[in-house]
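Below is one structure, written out as structure tokens; the observations come after it.
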Amino acid sequence: MTSKSSCSYLDTPLGTIRVTSTDRGVKAISFVESREEPEMESGPPWHQQALEQLALYFQGQLKKFSLTLDPQGSDFQQKVWRELGHIAWGETLSYGELSQRLGDPKAVRAVGHANSKNPIAIVIPCHRVIGSNGDLVGYAGGLFRKKWLLKHEGALKQLELF
């Protein structure tokens with residue numbers, strides 16, 4: 001059984017974000033260069049909630065998302081993405097620390113790969129994962145966006161990157 005998709009765009013300080021939802025939850029949130037897909041005006045309640053919560057996040061008025069999510073990935077990716085959800089606003093974690101939290105300190109590369117495949121940017125906060133030396137490494141949306149998001153959340157003060 002295939003589910004119906006809803007697609008909307010949101011203009012943010014970091015560019016345009018596309019939000020895609022299914023009848024099971026928010027499937028994807030990603031930065032896009034252009035509005036390739038047509039917008040669907042109506043959709044499930046979590047679709048509009050995602051747009052509203054993202055707008056509040058960028059205004060600095062929301063620190064924790066409360067959405068029904070439907071990310072598509074392997075069991076391991078799902079496990080990593082769930083753990084990412086435990087990294088609070090203004091905090092960061094290294095890939096090594098994340099793999100330790102998952103119970104396998106040697107899985108650093110696998111954790112990094114799963115992190116890079118996160119389909120729901122910002123809400124599943126993969127931008128909060130940094131290198132073990134404190135460097136901002138890897139972000140599918142671009143390092144300039146990662147830096148902005150961490151500064152917006154107050155995490156860069158902790159990292160002393162400025």
Enumerate donor-acceptor pairs with a distance under 3.5 Å from any side-chain N or O in residues 102-116 to protein atoms, sequence neighbours excluded.
{"unit_1": "Asp104", "atom_1": "OD1", "unit_2": "Lys106", "atom_2": "N", "d": "3.2"}
{"unit_1": "Ser116", "atom_1": "OG", "unit_2": "His113", "atom_2": "O", "d": "2.6"}

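Contact check for Arg101 versus Ile87: side-chain heavy atoms found under the 4.5 Å cut-off. With a 4.5 Å cut-off on side-chain heavy atoms, Leu56 and Leu54 do not count as touching. The shortest side-chain heavy-atom distance between Ser5 and Thr22 falls under the 4.5 Å cut-off. The shortest distance between side-chain heavy atoms of Val19 and Tyr9 does not fall below 4.5 Å.
Atom CD1 of residue Ile124 and atom CD of residue Glu83 lie 12.5 Å apart, to the nearest 0.5 angstrom. Taking CD of Gln49 as the reference point, atom OG of Ser66 lies at 7.5 Å (rounded to 0.5 Å). We find the CG-NZ distance between Leu14 and Lys146 to be 13.5 Å, quoted to the nearest 0.5 Å. Taking CD1 from Ile17 and CD1 from Ile122, the interatomic distance works out to 4.0 Å, rounded to the nearest 0.5 Å.
Lys27 contributes no side-chain N or O that, together with a main-chain N or O of Ser6, makes up a donor-acceptor pair within less than 3.5 Å. Side chain of Asp135 to backbone of Val137: no donor-acceptor contact under 3.5 angstrom is found. When atom types are taken as modelled, the side chain of Arg145 and the backbone of Gly141 share a donor-acceptor pair closer than 3.5 angstrom.
Considering only residues two or more places apart in sequence or on other chains, Arg128 meets the side-chain hydrogen bond (donor to acceptor under 3.5 Å, both in side chains) condition with Glu153. Partners of Glu33 by side-chain hydrogen bond (donor to acceptor under 3.5 Å, both in side chains), not counting sequence neighbours: none found. For Ser74, the side chain to side chain contact (heavy atoms under 4.5 Å, CB included) criterion is met by Phe76, Gln77, not counting sequence neighbours. Under the ring-ring contact (aromatic ring centres under 6.0 Å, His included) criterion, Tyr57 pairs with Phe65, Trp89, His152, sequence neighbours left out. With sequence neighbours left out, Thr20 forms a side-chain hydrogen bond (donor to acceptor under 3.5 Å, both in side chains) with no residue at all. Applying the ring-ring contact (aromatic ring centres under 6.0 Å, His included) test to Tyr95 and every residue at least two apart in sequence or in another chain returns nothing. For Trp46, the ring-ring contact (aromatic ring centres under 6.0 Å, His included) criterion is met by no residue, not counting sequence neighbours. Not a single side-chain hydrogen bond (donor to acceptor under 3.5 Å, both in side chains) links Gln78 to another residue, sequence neighbours left out. Evaluation of the salt bridge (charged side-chain N to carboxylate O under 4.0 Å, His left out) rule for Arg35 yields Asp11, Glu39 as partners, not counting sequence neighbours. Partners of Pro13 under the side chain to side chain contact (heavy atoms under 4.5 Å, CB included) rule, at least two apart in sequence or in another chain, are Phe58, Trp148.
Checking each of Ile120, Asn118, Leu149 against Cys126 for a side chain to side chain contact (heavy atoms under 4.5 Å, CB included) leaves exactly one that passes, namely Asn118.
Residue-environment remark: CG (Asn133) exceeds the threshold of 12 foreign heavy atoms within 6.0 Å.
The shortest heavy-atom contact between Leu51 and Ser8 is CD1-CB, 3.6 Å. Of all the heavy atoms in Thr92 and Leu150, the pair that sits closest is CG2-CD2, 3.9 Å. The nearest pair of heavy atoms linking Gly15 to Thr12 is O-OG1, 2.6 Å. Minimum interatomic distance between Val129 and Ser94 (heavy atoms only, all atoms of both residues): CG1-C, 4.0 Å.
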One pair to check against side-chain contact (heavy atoms from CB on, under 4.5 Å): Leu98 and Val80. What are the steps and the verdict?
CA-CA 8 Å; Leu98 185 57; Val80 170; 4.3 Å; yes
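Among residue pairs with one or both ends in residues 121-144, none qualify as ring pair (Phe, Tyr, Trp, His ring centres under 6.0 Å); sequence neighbours excluded.
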